[in-house]
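Numbers restart at 1 for each chain; the letters A, B, ... are given by sequence-line order, proteins then strands.
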Number of protein chains: 2
Amino acid sequence: MDMQRSDIHNSDTPVACRSCEARHGGVCGALSAEQLLELSKHSTRKRLEAGTELVGQGEETCTCANIMRGVVKLTRMMPDGRQQIVGLQFAPDFLGRPHATESPHSAETATETEICTFPRQMLERLVSRSPDLEHRLHQQTLKELDEARDWMLTLGRKNAQEKVASFLHLIATHYDPETVEGTAFELPLSRADVADFLGLTIETVSRQFTKLRKDGVIHIENNRHVTVPDLERLQQFAGID
Amino acid sequence: MDMQRSDIHNSDTPVACRSCEARHGGVCGALSAEQLLELSKHSTRKRLEAGTELVGQGEETCTCANIMRGVVKLTRMMPDGRQQIVGLQFAPDFLGRPHATESPHSAETATETEICTFPRQMLERLVSRSPDLEHRLHQQTLKELDEARDWMLTLGRKNAQEKVASFLHLIATHYDPETVEGTAFELPLSRADVADFLGLTIETVSRQFTKLRKDGVIHIENNRHVTVPDLERLQQFAGID
DNA sequence: CGGGGAGTTGAGAAAGTTCAACTGTGGTGG
DNA sequence: CCACCACAGTTGAACTTTCTCAACTCCCCG
């Protein structure tokens, strides 16, 4: 996973970026070697443990980042404390918003995470010069919009069982690369987080996990380790066409 | 509303565009007089009655449009018929998606609507030449993403009363221009649509309307005409900080 | 005047929440 | 090395909210 890729422009590519996944799948792929060098001079790679807050709801966003590894949850909170996870970001997603001064939601690492941060203004300068970069950011925004709207259907119209199955399906297809027959993965979220993502209580989530296990749709070990013997069966439980 | 605006470049502006609202607030504002002329040659202005389907879920999207007047609802449907409205678009929003072959949801007019359509490929050509146009589209996408995520909180964590109040607040602030003290407006959605937007049943929506009326938060005439004497009070019922 | 569609209201059923007790696990300190 | 604690997750029972189904009202239109 962290092997150095062979690259035509390897010699021009900043050392820090050479083995970077985000440079291909993420936004950095839109940059020239020159721009990449400029960006890398101002970027910092960080390892964050689970539960680290990157930015609070309504706070000023002075940095942007690429997710290299791990999962980041975006949450919105009501004044009385009720909370909803409004998005999950996986590597190599981009994090942050050029031209926005304050964040519409808080961002917190769900798992141990590695990110590559850089100043927002740095990115804005690059965007103004590279239409292709804006195009990539736009494409990711559209992807996030589609995912958000998919999830609106889940939140608004599915019952508890379908919600939990939908969540497991989302993780199985988006998260771990070991997506083969008999998909297995570590859940990146606690039961409390899953509840906040699905608009349910912890107890209801737990009961539905148990029910899916008893129905043989999933196997659970250690609370977090899940195996899905038949993805299509899970899909049926999730109410996905 | 349809008065001809004074404009520095009035003489260069295509006749059809001169009195157009979208040219200022919408995407057309990013175009030069020349580009506007090119676009206007291939654009058609249409008047559509309420309930007209513009594009079906999964269908090919060959045209884009600006909404000139009215409200368009974006819906996603489950195989068994359960339905969720995943977005409401008001004038002068842009409708459609460059570079996407199929639509992730269906789009249907909620009210009588006027739109200005043009071929998707036309727009793609303009986008590739005008970075400013892509920037505007990106900004609208970001706005839609924020709105979608706001609504996720509403769908996942609010109770029926808060949901209905949130909906009324949304309409009061986004829709009719007569937003003064004692806000009054015509609801652009039927009870069934409101239910599909809030993830509730028609009956629950109706009961909450009645309750809000009895509590003096709103006044209702003719089922569709709503008056909000005190917007802040409505906000409290909606659970908005 | 009658019919149809949209909206309302009521009563019982179902789903999910709440509160409380319990289980299992991993870490800490005696 | 074991006892104990803290924490995450599970399970149960009562309760609340929303849904379902059915009947009814209202208004528009012919």
Side-chain angles (χ1 to χ4, degrees), chain A residues 49-51 73 78 80-84 110-112 154-168 171 186-215 218-226 237-239, chain B residues 49-51 73 78 80-84 110-112 154-168 186-215 218-226 237 239:
Chain A
E49 57 185 77
K73 53 185 190 185
M78 289 174 68
D80 63 4
R82 279 176 285 177
Q83 194 171 317
Q84 174 71 43
T111 62
E112 192 200 313
T154 299
L155 289 173
R157 288 304 185 195
K158 294 187 184 175
N159 63 27
Q161 168 145 316
E162 291 167 329
K163 282 182 177 181
V164 171
S166 296
F167 166 73
L168 289 168
I171 298 299
E186 292 292 315
L187 284 184
L189 302 187
S190 67
R191 294 291 187 274
D193 283 339
V194 176
D196 280 342
F197 192 36
L198 294 172
L200 298 170
T201 58
I202 298 180
E203 295 92 331
T204 302
V205 170
S206 179
R207 278 185 251 270
Q208 295 305 329
F209 266 103
T210 305
K211 194 157 181 308
L212 287 172
R213 178 169 54 71
K214 285 182 178 165
D215 289 347
I218 54 172
H219 299 273
I220 306 179
E221 294 149 41
N222 284 349
N223 289 337
R224 288 283 191 121
H225 190 84
V226 175
F237 275 75
Chain B
E49 57 186 75
K73 55 185 190 185
M78 288 174 66
D80 63 4
R82 279 177 284 177
Q83 196 170 316
Q84 174 70 43
T111 63
E112 193 200 313
T154 299
L155 290 172
R157 287 305 185 196
K158 294 187 184 174
N159 62 28
Q161 168 144 314
E162 292 168 327
K163 282 182 178 182
V164 171
S166 296
F167 167 72
L168 289 168
E186 292 292 316
L187 284 183
L189 302 188
S190 67
R191 294 292 185 274
D193 282 340
V194 176
D196 280 343
F197 192 34
L198 294 171
L200 298 169
T201 58
I202 299 179
E203 295 94 329
T204 301
V205 170
S206 179
R207 277 184 252 270
Q208 295 305 329
F209 266 103
T210 305
K211 192 157 182 308
L212 288 172
R213 177 169 54 72
K214 284 183 178 164
D215 288 346
I218 56 172
H219 299 272
I220 307 178
E221 293 150 42
N222 283 350
N223 289 339
R224 288 284 190 118
H225 190 84
V226 175
F237 274 75

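- Using a distance-only test at 3.5 Å, with no hydrogens or angles considered, a donor-acceptor pair links the side chain of B:Arg82 to the main chain of A:Arg157.
- The nearest heavy atom of DNA chain D to A:Arg157 and to A:Ser206 marks one nucleotide each, and the one closer to the 5' end goes with A:Ser206.
- Counting to the nearest Å, the C1' atom of C:dG24 and the CZ atom of A:Arg224 are 16 Å from each other.
- Without hydrogens or angle criteria, A:Gln161 side chain to A:Gln208 main chain gives no donor-acceptor distance under 3.5 Å.
- Using a distance-only test at 3.5 Å, with no hydrogens or angles considered, no donor-acceptor pair links the side chain of A:Asp196 to the main chain of A:Leu198.
- For the atom pair OG (A:Ser206) and CG (A:Leu200), the distance works out to 12.0 Å, reported to the nearest 0.5 Å.
- No donor-acceptor pair closer than 3.5 Å links the side chain of A:Arg191 to the backbone N or O of A:Ile202.
- Side-chain atoms of A:Arg207 and base atoms of D:dG9 include no donor and acceptor less than 3.5 Å apart.
- Atom NZ of A:Lys163 and atom P of C:dA15 are 14 Å apart (whole Å).
- Rounded to whole angstrom, the span from the NZ atom of B:Lys158 across to the C1' atom of C:dG16 amounts to 20 Å.
- No engagement by A:Asn222 is indicated, since no non-hydrogen atom pair under 4.0 Å with the nucleic acid exists.
- A donor-acceptor contact shorter than 3.5 Å is absent between the side chain of A:Lys158 and the backbone of A:Gly239.
- Near DNA chain C, defined here as any heavy-atom distance below 4.0 Å, the residues from residues 189-199 of chain A are A:Gly199, listed numerically.
- Closest approach to the A:Glu203 side chain among C:dG7, C:dG16, C:dA20 is made by C:dA20 (side chain taken as heavy atoms from C-beta onward).
- Put simply, CZ on A:Phe209 is 13 Å from P on D:dT11, counting in whole angstrom units.
- A close approach under 4.0 Å does occur between a side-chain nitrogen or oxygen of B:Thr204 and OP1 or OP2 of D:dC19.
- The distance between atom CG of B:Asn223 and atom P of D:dC28, rounded to the nearest whole Å, is 10 Å.
- Look at CD on A:Gln161: it is 14 Å from C1' on C:dG16, rounded to the nearest Å.
- Of the possible polar contacts, one joining the A:Asn159 side chain to the A:Glu162 backbone as a donor-acceptor pair under 3.5 Å is found.
- Listed candidates were D:dT10, D:dG9, C:dG16. Nearest to the side chain of A:Thr210 is D:dT10.
- Atom CZ of B:Arg82 is separated from atom P of D:dC19 by 12 Å (rounded to the nearest Å).
- The nearest whole Å value for the distance from the CD1 atom in A:Ile220 to the P atom in D:dA8 is 18 Å.
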